[in-house]
S.K.: 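Below is one structure. I have some questions about it.
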Amino acid sequence: MSTFVNAKRITTHVLRAMKENKEKIAMLTAYDYSLAKILDLSGIDVILVGDSASNVMAGHQTTLPITLDQMIYHAQSVVRAVERALIVVDLPFGSYQGDSKNALESAIRIMKESGAHAVKAEGGREIKESVERIISAGIPVMGHLGLTPQSIYKYGTYSVRAKEQEEAEKLKEDALLLEDIGCFAVVLEKIPASLSKEVTESLLIPTIGIGAGGQTDGQVLVLHDMLGITKGFNPRFLRRYLDLSTDISNAVIRYIEDVRACDFPNENEQY
Ligand code: KIV
């Protein structure tokens, strides 16, 4: 039985203790009040207000277009719903890479205007100064290494990262650097399982994997992917727990039929 299941509130310290206790951390994305409430009541440890909202909520091809204002809007909706989970919000593309002052201002806006508990930023040594400055203001930062979707145009593909020795070495160094400068956790996205195992064992802070094998301290999936709301995205790492797209479509088809047949509303469904 987990020691932390009954924790009233998940904090960054609880996550660290979970790693020490070898208890896995469950994280999912959410972007709105209703689904965030279900996740929280179901006992999820961490909710990521991911910039994947750009894809799954707004229909963009990449995570690049979403703005800081839009991220804050999604984060505010999630914060209103959640009593237990730790809420982490992605710093969107362009809000932290320019200079560290701009990064700090973006992180402060997220914390002040949404009431979330932490921010996440993609990258290693390239964003060291920004991460340091945010942490020095008392804002917890989750790192993100491996496949970093905000750099899609630099790499050109969403395929597995750090398969070659040189990139794997850089990733290991970046993970240690992020821990050294005070990140409380790091996401490892789409890298070989053997590499994420090595990184996980080398760090005191928890690693949260997506497409990074089973040896990380926790796992994260995009909610709309694991619920089967999104279609046509079938990476090997994705386990679909529902086929909600089909279920919703069937319900809508039945509703349309009922309306057209004058079967809805019936006598008990009116005043
Ligand atoms: O934006 C997002 O959903 C993410 C996860 C894939 C980790 O960054």
Side-chain angles (χ1 to χ4, degrees), residues 15 24-32 35-36 39 44-68 70-75 77-78 85-97 106-107 110 114 116 118-124 127 131 140-152 155 157-162 171 174-175 178 183-191 196 199-200 205-213 216-227 229-230 233-240:
L15 297 184
K24 295 281 187 181
I25 298 163
M27 170 161 135
L28 282 170
T29 65
Y31 322 98
D32 71 289
L35 288 175
L39 263 50
I44 200 76
D45 299 312
V46 185
I47 293 182
L48 173 66
V49 183
D51 59 358
S52 49
S54 180
N55 309 93
V56 299
M57 300 301 285
H60 292 297
Q61 289 290 316
T62 72
T63 58
L64 275 67
I66 199 160
T67 66
L68 186 57
Q70 288 165 340
M71 289 303 298
I72 289 170
Y73 165 79
H74 288 298
S77 310
V78 169
L86 182 84
I87 303 170
V88 183
V89 182
D90 262 331
L91 281 160
F93 177 67
S95 73
Y96 64 101
Q97 296 95 338
S106 304
I110 288 176
S114 76
V119 298
K120 176 163 84 59
E122 294 182 7
I127 57 160
V131 172
V141 177
M142 176 180 274
H144 184 155
L145 298 171
L147 175 65
T148 47
Q150 292 179 10
S151 309
I152 180 61
Y155 297 108
T157 101
Y158 287 106
S159 53
V160 180
R161 304 306 314 266
L171 190 143
D174 280 344
L178 291 175
C183 285
F184 72 89
V186 59
V187 166
L188 300 175
E189 180 163 356
K190 228 173 169 187
I191 60 171
S196 69
V199 172
T200 299
I205 58 170
T207 58
I208 313 283
I210 172 162
T216 48
D217 300 302
Q219 296 291 328
V220 58
L221 285 175
V222 169
L223 184 64
H224 291 57
D225 295 338
M226 62 88 81
L227 293 180
I229 296 174
T230 49
F233 174 66
N234 294 303
R236 189 196 298 188
F237 70 77
L238 175 59
R239 186 177 294 179
R240 290 198 191 272

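Below, each value reflects all heavy atoms present in this structure, side chains not excepted, and no hydrogens, waters or symmetry copies. Indexing begins at 1, ligand by ligand and atom by atom, following the structure's order.
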S.K.: At under 4.0 Å between heavy atoms, which part of Thr63 makes contact with ligand 1: side chain, backbone, both or neither?
M.R.: neither

S.K.: Could you tell me, atom by atom, which parts of ligand 1 come under 4.0 Å of a heavy atom of Thr29?
M.R.: 3 (O)

S.K.: Would you say the side chains of Gln97 and Glu122 form a donor-acceptor pair under 3.5 Å?
M.R.: no

S.K.: Just jot down the ligand 1 atoms closer than 4.0 angstrom to any heavy atom of Asp51, in number order.
M.R.: 1 (O)

S.K.: To which protein heavy atom is atom 8 (O) of ligand 1 closest, and what is the distance rounded to 0.1 Å?
M.R.: Lys120 NZ, 2.9 Å

S.K.: Any idea how His74 and Tyr31 line up, ring-wise: parallel (<30°), tilted (30 to 60°), or perpendicular (>60°)?
M.R.: perpendicular

S.K.: Atoms of ligand 1 less than 4.0 Å from His144 heavy atoms?
M.R.: 8 (O)

S.K.: Give the residue, atom name and distance (to 0.1 Å) of the protein heavy atom nearest atom 3 (O) of ligand 1.
M.R.: Ser52 OG, 2.5 Å

S.K.: Quick check: closest heavy atoms across Val131 and Cys183, and the distance to 0.1 Å?
M.R.: CG1-SG, 3.8 Å

S.K.: Search all heavy atoms of Arg240 against all heavy atoms of Asp225 and return the closest pair with its distance.
M.R.: NH1-O, 2.7 Å

S.K.: Could you list the atoms of ligand 1 found under 4.0 angstrom from a heavy atom of Asp90?
M.R.: 1 (O), 2 (C), 8 (O)

S.K.: Look only at the side chain of Asn55 and the backbone of Gln61, and say whether a donor-acceptor pair between them is shorter than 3.5 Å.
M.R.: yes

S.K.: Taking all non-hydrogen atoms of both residues into account, name the closest pair between Ile25 and Val46 and its distance.
M.R.: CG2-CG2, 4.0 Å

S.K.: Taking only heavy atoms of Ile210 into account, list the atoms of ligand 1 that are under 4.0 Å away from them.
M.R.: 6 (C)

S.K.: Where on Val222 is there a heavy atom closer than 4.0 Å to ligand 1, on the side chain, on the backbone, on both, or on neither?
M.R.: side chain

S.K.: At their closest point, which heavy atom of Val222 faces which heavy atom of Thr29, and how far apart are they?
M.R.: CA-OG1, 3.5 Å

S.K.: Regarding Glu189 and Tyr158, do their side chains bring together a donor and an acceptor under 3.5 Å, going by distance alone?
M.R.: no

S.K.: Would you indicate which of Leu48, Thr148, Leu223 comes nearest to atom 5 (C) of ligand 1 when only heavy atoms are counted?
M.R.: Leu48

S.K.: Could a heavy atom of Glu122 be found less than 4.0 Å from some atom of ligand 1?
M.R.: no

